[in-house]
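To start, the structure under review is shown below, and the notes come after it.
For the single chain, residues carry numbers from 1 onward in sequence order.
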Amino acid sequence: MKRSQINEILLSADEMIRSYGFALPGFAYWSPNDFKVKAPAAEHIINARCGWDITDYGAGNFDQMGLFLFTLRNGLLSDLQRGGGMCYAEKLLISRQDQLSPMHTHVIKAEDIINRGGATLVIELFGADDAGQFAEDRGGTIWRDGQRYDFSAGEKLRLAPGESVTLRPGDWHAFWGEGGDVLVGEVSTVNDDETDNIFREKIGRFANIEEDADPVHLLVSDYSTWLT
């Protein structure tokens, strides 16, 4: 992806988030230089990879397959492993109309996916085999709005604003907006996007960036290069 395109997506996403009455934290608006100056005090933000995240999964076609995310808060895997401390995470996502977030599951993370506003969020579901791998002939059990829900293989759930599902490791899922863009909330256990996204296809989690412009804000994937 070109940095200029990423800058445009950031600005339009911020506008959509604000239109639903949601205010992002102050660090969302730091410039790259602000981040460098404040890095010592912002150690947790950096280590927990809170902030802006835009991906085309390395495929080069964001409109067709991609996702906008902002990690508002995130704990550490070490806390989760010892069973105490900050064991949770929260994100905002924007799933654009017909924009695929491809089939994947997680090894550690359980998550609530919530339609916070906009159009319909479609979630396609499959179960896992005994080894946790994708099984095109298996369904499973999730929680839908707090109630047990048994799904069949390949079932497509449609969530209206306010509706949610709870997914656990081994619940394979893909999602996209139907009829328009969707503001999505995610509340989960500790989030580790570097190692805990298991995709059905061989794709990357982060975009490859062509630096054709200066960044307006850093992405979480920029921290290791811009803040060293």
Does atom [atom1] ([X]) have a neighbourhood of more than 12 heavy atoms from anything else shown, all under 6.0 Å?
X    : atom1 : answer
E210 : CD    : yes
R82  : CZ    : yes
E136 : CD    : no
E211 : CD    : yes

Minimal non-hydrogen separation, [X] against [Y], with atom names:
X    : Y    : value
I54  : A207 : O-CB, 4.0 Å
R168 : W143 : NH1-CD1, 2.7 Å
A59  : M65  : CB-CE, 3.5 Å
I108 : P169 : O-CG, 3.6 Å
F134 : M103 : CE1-CG, 3.9 Å
G75  : A48  : O-CB, 4.2 Å

**Message:** Under 4.0 Å between a side-chain nitrogen and a carboxylate oxygen: does that hold for D192 and R205?
**Reply:** no
**Item:** SB check D129 R138 (cutoff 4.0 Å)
**Value:** no
Report yes if the side chains of [X] and [Y] come closer than 4.5 Å at any heavy-atom pair, otherwise no.
X    : Y    : value
L69  : E186 : no
R96  : F62  : yes
I113 : H173 : yes
T71  : R49  : no
V190 : N74  : yes
D171 : V165 : no
V107 : T195 : no
E178 : L121 : no

**Prompt:** Given the rule in the side chain to side chain contact (heavy atoms under 4.5 Å, CB included) test, do L219 and R3 qualify, once you have shown the distances and angles that lead to the verdict?
**Reply:** CA-CA 10 Å; L219 304 181; R3 182 69 73 170; 4.1 Å; yes
**Request:** Dump the intermediate steps for side chain to side chain contact (heavy atoms under 4.5 Å, CB included) on L157 and Y149, then the final yes or no.
**Result:** CA-CA 11 Å; L157 297 185; Y149 184 89; 3.5 Å; yes
**Asked** Are F27 and F70 close enough that their ring centres sit under 6.0 Å apart?
**Response** yes
Going hydrophobic residue to hydrophobic residue with side-chain gaps under 4.5 angstrom, can you get from [X] over to [Y]?
X    : Y    : answer
L93  : F199 : yes
L67  : L72  : no
V220 : L227 : yes
M16  : F175 : no
Y57  : F68  : no

Report the distance from atom [atom1] of [X] to atom [atom2] of [Y], rounding to the nearest 0.5 Å.
X    : Y    : atom1 : atom2 : result
I6   : L11  : CD1   : CG    : 12.0 Å
D56  : Q64  : CG    : CD    : 11.0 Å
K91  : I114 : NZ    : CD1   : 13.0 Å
E111 : E90  : CD    : CD    : 13.5 Å
M86  : S78  : CE    : OG    : 11.5 Å
R144 : L167 : CZ    : CG    : 11.5 Å

**Item:** With K109, the side chain to side chain donor-acceptor pair (under 3.5 Å) member among T189, D193, N191
**Value:** N191
**Name of the residue among F35, W52, Y223 meeting ring pair (Phe, Tyr, Trp, His ring centres under 6.0 Å) with H217** = W52
**Request:** Please list all pairs passing the ring pair (Phe, Tyr, Trp, His ring centres under 6.0 Å) test where one or both residues lie in residues 1-24, with sequence neighbours left out.
**Result:** none
**Item:** side chain to side chain contact (heavy atoms under 4.5 Å, CB included) assessment of V184 paired with L159
**Value:** CA-CA 10 Å; V184 182; L159 303 182; over 6 Å; no
**Request:** Kindly write out the residues that satisfy side-chain hydrogen bond (donor to acceptor under 3.5 Å, both in side chains) with D212, not counting sequence neighbours, or none if the list is empty.
**Result:** S4
**Request:** Please work out which of the three classes, parallel, tilted or perpendicular, describes the rings of H104 and H106, given edges at 30° and 60°.
**Result:** perpendicular
Side-chain donor/acceptor of [X] to backbone N/O of [Y], under 3.5 Å:
X    : Y    : value
W172 : G132 : yes
N115 : G162 : no
N7   : V216 : yes

**Item:** Polar side chain donor-acceptor pair, D14 to Y29, under 3.5 angstrom
**Value:** yes
**Message:** One pair to check against side chain to side chain contact (heavy atoms under 4.5 Å, CB included): D112 and T166. What are the steps and the verdict?
**Reply:** CA-CA 4 Å; D112 283 3; T166 301; 2.6 Å; yes
